[in-house]
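Some notes on the structure that comes next.
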There are 2 protein chains.
Amino acid sequence: MNNARFPISLHILTLLARESGTLLSSDYIAGSININPVLVRKEISNLRNHGMIESKEGKNGGATLAKPAGTILLSDIYHAVQQTSLLGNSRNHPNPDCAVGKQINQHLDDLYKDIEGALLRKLEHMTLADFANKF
Amino acid sequence: MNNARFPISLHILTLLARESGTLLSSDYIAGSININPVLVRKEISNLRNHGMIESKEGKNGGATLAKPAGTILLSDIYHAVQQTSLLGNSRNHPNPDCAVGKQINQHLDDLYKDIEGALLRKLEHMTLADFANKF
DNA sequence: TGTACTGTAATAAATAGAATTACAGAATGA
DNA sequence: TCATTCTGTAATTCTATTTATTACAGTACA
């Protein structure tokens, strides 16, 4: 997870949590994060698919939270953006003729799952409201 | 951490743990991982700087563990290769004129530290020997 | 003294990430 | 109704990061 999707999504949701009830445009949000509005709309699309955001097209459109900030867990956000393995194993094709190479991906997966579990237990105890209230 | 440094280092150390006492060449190790030998030598160089590996130059040279596999913690490996933030925040420069943008990096840092702590407590309880014995 | 290694720098190639451009479609309201 | 202001999404370009490759000096051995 070397890309900025987690912090971008959290940033978007924090803005929405603080302007609860009003619709924020992707341009406005992009201005706060300082990234391209198209990226914001992509993340919004993803968060909408995960039930955290509602959005409205057309003039005066924008995005808003789909449910109370207190009911959105940081682990929900993690799950929504998570794609690659936590400790990195992109593109690894060990030698299947080697006793270690043959099995290492399986053992790495087990290890990552274990570690991710610990991380998730942390994130499950923090809500978007907790985070947004720090500001 | 989107690169493969953690799994590569763990793979190297696992091979060494299983061939404890003998010197393995970077070519041999690279063959098991299926990557370029120069990358292996770079990781070995890093692990050596962190006291986990010893290496010998010249003919019949190679690498070997610098201490018993039971005394090398997975958290040691994590520290040796860790460079970027766990949940990604590369290159983020939020708008300082926005109340949220201005403070978010600080709050993200706090959150990451908290999460990383949970992860490290997991890794501190696993040794290289534990991992290598799975094969 | 030739051979087989490590160590490291420099460069090139491949991949991934982010920005940009483009445009169709939706909602608003003048 | 129709210009305006948004979203949604695809396609492309640009840039940064990661990995592979090339090159070669230095070391140890036999």
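Lettering follows sequence order; numbering is per chain, from 1.
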Quiz item: Should B/Phe135 and B/Ile8 be counted in the same cluster of Ile, Leu, Val, Met, Phe, Trp and Tyr side chains packed under 4.5 Å apart?
Solution: yes
Exercise. Please report, rounded to the nearest Å, how far the C1' atom of C/dT6 is from the CG atom of B/Asp27.
Key: 11 Å
Self-check item: Rounded distance in Å - NE2 (B/His11) to C1' (D/dT19)
Solution: 17 Å
Practice problem: Using only side-chain N and O atoms of B/Ser45, determine if any of them is under 4.0 Å from OP1 or OP2 of C/dG7. | Solution: no
Self-check item: Separation of D/dT21 C1' from B/Arg41 CZ (nearest whole Å)
Solution: 11 Å
Practice problem: Could you tell me whether the phosphate oxygens of D/dT18, OP1 or OP2, come under 4.0 Å of any side-chain nitrogen or oxygen in B/Arg5? | Solution: no
Quiz item: Atom CG of B/Asn49 and atom C1' of C/dT8: how far apart are they, to the nearest Å?
Solution: 13 Å
Quiz item: Can you name the closest pair of heavy atoms from A/Ile104 and A/Pro94 and give their distance?
Solution: CG2-CG, 3.8 Å
Practice problem: Report the distance from atom CZ of B/Arg48 to atom C1' of C/dG7, rounded to the nearest whole Å. | Solution: 7 Å
Exercise. Round to the nearest Å and state the distance from A/Leu47 atom CG to D/dT7 atom C1'.
Key: 15 Å
Practice problem: Tell me yes or no: between the side chains of B/Glu19 and B/Tyr28, is some donor less than 3.5 Å from an acceptor? | Solution: no
Quiz item: Angle class for the B/Tyr112/A/Phe6 ring planes (parallel below 30°, perpendicular above 60°, tilted otherwise)?
Solution: tilted
Exercise. Taking atom types as modelled, find out whether A/Glu43 and A/Ser9 have a side-chain donor-acceptor pair closer than 3.5 angstrom.
Key: yes
Practice problem: Could you tell me whether the phosphate oxygens of C/dG7, OP1 or OP2, come under 4.0 Å of any side-chain nitrogen or oxygen in B/Ser55? | Solution: yes
Practice problem: Provide, to the nearest angstrom, the distance between the CD atom belonging to A/Glu43 and the C1' atom belonging to C/dA19. | Solution: 14 Å
Quiz item: Within this structure, what is the CG-to-C1' distance between A/Leu23 and D/dC6, rounded to whole angstrom?
Solution: 11 Å
Exercise. Would you mind reporting whether B/Gln82 and B/Glu116 have side-chain heavy atoms less than 4.5 Å apart?
Key: yes
Exercise. Scan residues 31-40 of chain A against DNA chain D and write down, sorted by residue number, each residue with any heavy atom closer than 4.0 Å; if none is found, say none.
Key: A/Val38
Output a table of donor-acceptor pairs, distance under 3.5 Å, between side-chain atoms of residues 67-76 of chain B and any protein atom two or more places apart or on a different chain; print 'none' if there are none.
{"from": "B/Thr71", "atom 1": "OG1", "to": "B/Pro68", "atom 2": "O", "distance (Å)": "2.7"}
{"from": "B/Asp76", "atom 1": "OD2", "to": "B/Leu73", "atom 2": "N", "distance (Å)": "2.9"}

Practice problem: List in chain and number order the residues that pass side chain to side chain donor-acceptor pair (under 3.5 Å) with A/Asp130, two or more places apart in sequence or in another chain; answer none if no residue qualifies. | Solution: A/Thr127
Quiz item: Hey, can you pull the residues of residues 13-21 of chain A with a non-hydrogen atom under 4.0 angstrom from DNA chain D?
Solution: none
Check nucleotides 28-30 of chain D against the protein and report each pair of N or O atoms closer than 3.5 Å, with its distance, or say if there are none.
{"from": "D/dA28", "atom 1": "N3", "to": "B/Lys59", "atom 2": "N", "distance (Å)": "3.3"}
{"from": "D/dC29", "atom 1": "OP1", "to": "B/Lys56", "atom 2": "NZ", "distance (Å)": "2.8"}

Quiz item: Of A/Ile29, A/Thr64, A/Ile12, which meets side-chain contact (heavy atoms from CB on, under 4.5 Å) against A/Leu24?
Solution: A/Ile29
Quiz prompt | Under the salt bridge (charged side-chain N to carboxylate O under 4.0 Å, His left out) test, residues paired with A/Asp114 that sit two or more places apart | solution = B/Lys122
Quiz prompt | Side-chain donor/acceptor of A/Asn95 to backbone N/O of A/Gly101, under 3.5 Å | solution = no
